[in-house]
Amino acid sequence: MKVWKRILPILLLVSLLAGCGAPAAAPSGTEQPAASVVPAQGDYKVLNVGRMSELFDMDSTIATEADCLEVISAIIEPLFVTAANGTPVNALCESYEVNDDGTAYTFHIRANANWMNGVPVTAHDFVYAWRRLVDPETASEYSFMMEVAAVKNATPIISGEKPVEELGVSAADDKTLVVELDRPVTFFINLMTFPSFCPINQAYAEEKGAQYALGADNLLCCGPFYMSAWDVGGNTYQLKKNPEYYDAENVRLDEINFQIIKDPQQTMLAYENGTLDYVRLSGDQVTKYKNEPGFTRIGEGYLWYLSPNLNPKSAAYSCGLENENLRKAIALSYDKSVICDDILQDGSAPADFAIPYQLATGPDGKDFRETAGLYLQTDKAKAQEYWEAAKAELGVSEVSIELLYDDSDSTPLIAQFLQSEIENNLPGVHISLKAQPKKSRTELMQNREYQLGLTRWGPDYADPMTYLDMWTTGSTYNYGEWSNAAYDKLIDDANGSLANDPAARWEALKQAEALVMENAVILPVYQKGTAAMVRPGVSGLAFFPVGVGTIYKDVDVNF
């Protein structure tokens, strides 16, 4: 099944929403009611959550957006989940063994783990899902996660050189999953907490066909909750406690309602009116609410950066950003601290790096950033020098660049500030603004149909490679189409020959980051911090800077 077959009807639905501003109608053939937002009453416990973005796909092998992954983690469990202290703990895996050189794992699936329809979760469900993830027909943007995990033959299967049946995953019996690796991966168990590695029931998925995971009626769940209401692109969705879940007695919430409100002011009105219990704050809302009960700061690993198109596919997207001095001039021309302190006000910090703080600890026991350098720090005088050099090399006195960005939250304000800073500090550089819905912006960048894009990346696992492998030659997320043989070799070595030499691998990762920054492959802006309001009486919300951002299993409400 080609992924474009799933995306086309979704895009049509989004276009209709944008054109009329009305809530989405239920897709043909579904009668699932919209989720209602109601307060908890009596012993029936309800959490109401505000969100900025719609859900478009709950297929664990296709979903990439943070909100989608967050919901998948609540309704379909992988082998392990992340505990409150950030460490992986057993989920569908009851126990496991690993061989001496770390290249073979045997996982034993819980005997009492069932799908929502009462069918047991088996090792075959993992085999099917993992093969589906790497199958070129699926065209998953997250197929690379199987390569990161070094599952045997993942790379040649993704490239179409080998059949999916040769992936290093097999079912020794219904409850025993065997995984073979091409090389040891020190963070392999951590990777297994990510939703891309969730199981999928083959019979159910094949019965649903192209509609699988598109709507609440097309999902089969095995997690703490099941999806009780959701229409693709709709402005509400709902989860309810899953009575078939093996640990249901320890799930306290009966229902979670999500409401999509893109206007931050309307979101806070809903919170103040008592119809929402957990919402994210933006901009000056942080100052307004920071002394109120329920104010919560959440550390995040998201890096926001400008991605220049270094290798435009046509003249329409050529604007001079192929020139390194122009990229450096722009990178040094804007004041990142103003963005963090005056626009966002949420604990975000200026980024002079590609690898965020508090992402990963090295073999020396120190955070990666403690022993790595800082790059492309704001220096408006130096930016002017780079601009003068760029004009000489390009043979121009001015350039016009289109900045592509999301149309929600604080992003438009940041884009406008960047436009002002760049134009004021680099006379002759003209920035035009192009706002798009997030999904459209992402697609334009993935198709390389842009000049300069404001984008972000959130870490999927606690290792610098979750960022660094994006900028290898041919990577899907290498939006700027940068290619550097020395960089590719460093990444190959870190994933291969240095896998059993942690200290040398760590140094290679530092060198790789230095190459990205010194070539101005990306122009960093800030590391995201988040502030939220969590209604007093809500407990057990777990927040993480890596992988799935929020986990709901242990939430309780006492209002």
Side-chain angles (χ1 to χ4, degrees), residues 101-105 130 133-134 136 140-162 164 166-169 179-192 194 196-197 303 307 310-311 353-356 359-364 368 371-373 375 446 457 459-522 546:
D101 67 359
T103 59
Y105 287 78
W130 290 18
L133 180 65
V134 297
S140 171
E141 294 175 27
Y142 264 21
S143 61
F144 73 91
M145 289 292 285
M146 203 65 73
E147 296 178 283
V148 172
V151 176
K152 185 177 179 180
N153 291 328
T155 298
I157 292 170
I158 292 169
S159 64
E161 298 171 25
K162 288 189 175 183
V164 295
E166 293 193 28
L167 187 68
V169 57
V179 182
E180 300 173 84
L181 307 186
D182 285 324
R183 62 180 185 278
V185 176
T186 57
F187 49 92
F188 182 79
I189 296 299
N190 296 71
L191 282 172
M192 295 299 101
F194 197 71
S196 295
F197 296 98
L303 177 72
S307 176
L310 281 64
N311 187 23
F353 43 75
I355 307 302
L359 170 69
T361 301
D364 56 2
F368 183 90
T371 56
Y375 310 90
Q446 288 173 344
W457 186 259
D460 299 321
Y461 52 95
D463 188 86
M465 195 61 74
T466 191
Y467 282 92
L468 295 175
D469 66 2
M470 282 197 292
W471 301 300
T472 54
T473 301
S475 167
T476 300
Y477 296 99
N478 184 358
Y479 295 136
E481 293 287 324
W482 181 60
S483 181
N484 183 292
Y487 182 84
D488 290 347
K489 185 177 188 309
L490 283 169
I491 300 302
D492 285 343
D493 289 346
N495 282 332
S497 61
L498 300 179
N500 287 319
D501 188 345
R505 179 180 182 271
W506 212 243
E507 288 305 312
L509 296 178
K510 292 178 189 178
Q511 294 173 38
E513 183 195 36
L515 274 178
V516 169
M517 293 288 93
E518 290 164 359
N519 284 271
V521 177
I522 64 167
V546 179

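Note: hydrogens, waters and symmetry copies are ignored here, and every other heavy atom, side chains too, is used.
- When all heavy atoms of W457 and T466 are compared, the closest pair comes out as NE1-O, 2.9 Å.
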For residues 153-160, which side-chain donor-acceptor pairs fall under 3.5 Å, sequence neighbours excluded?
{"residue": "N153", "atom": "OD1", "partner": "K162", "partner atom": "NZ", "Å": "3.1"}
{"residue": "N153", "atom": "ND2", "partner": "E166", "partner atom": "O", "Å": "2.8"}
{"residue": "T155", "atom": "OG1", "partner": "E147", "partner atom": "OE2", "Å": "2.8"}
{"residue": "S159", "atom": "OG", "partner": "T155", "partner atom": "O", "Å": "3.2"}
{"residue": "S159", "atom": "OG", "partner": "P156", "partner atom": "O", "Å": "3.1"}
{"residue": "S159", "atom": "OG", "partner": "E161", "partner atom": "OE2", "Å": "3.1"}

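- A side-chain N or O of T473 and one of D488 form a donor-acceptor pair less than 3.5 Å apart.
- The two residues D182 and V151 make their nearest non-hydrogen contact at OD2-O, 3.8 Å.
- Without hydrogens or angle criteria, R505 side chain to A494 main chain gives a donor-acceptor distance under 3.5 Å.
- For residues 486-518, the pairs satisfying ring pair (Phe, Tyr, Trp, His ring centres under 6.0 Å) are F368-W506, W482-Y487, with sequence neighbours left out.
- Residues meeting the ring-ring contact (aromatic ring centres under 6.0 Å, His included) test with W471, sequence neighbours left out: none.
- Closest approach of L359 and V546 over heavy atoms only: CD1-CG2, 3.9 Å.
- Across every non-hydrogen atom of L191 and F197, the tightest pair is O-CD1, 3.2 Å.
- Under the ring-ring contact (aromatic ring centres under 6.0 Å, His included) criterion, Y479 pairs with no residue, sequence neighbours left out.
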M465/Y461 under side chain to side chain contact (heavy atoms under 4.5 Å, CB included): CA gap, chis, key distance, verdict: CA-CA 9 Å; M465 195 61 74; Y461 52 95; 3.6 Å; yes
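- Using modelled atom types and a 3.5 Å distance limit, the side chains of Y375 and E513 yield no donor-acceptor pair.
- Counting only distance, with no hydrogens or angles, the side chain of N311 and the backbone of G480 share no donor-acceptor pair below 3.5 Å.
- Evaluation of the ring-ring contact (aromatic ring centres under 6.0 Å, His included) rule for F188 yields Y105 as partners, not counting sequence neighbours.
- Residues passing the salt bridge (Lys or Arg N to Asp or Glu O under 4.0 Å) test with D469, sequence neighbours excluded: none.
- A distance-only check finds a donor-acceptor pair linking the side chain of S475 to the backbone of M470 [under 3.5 Å].
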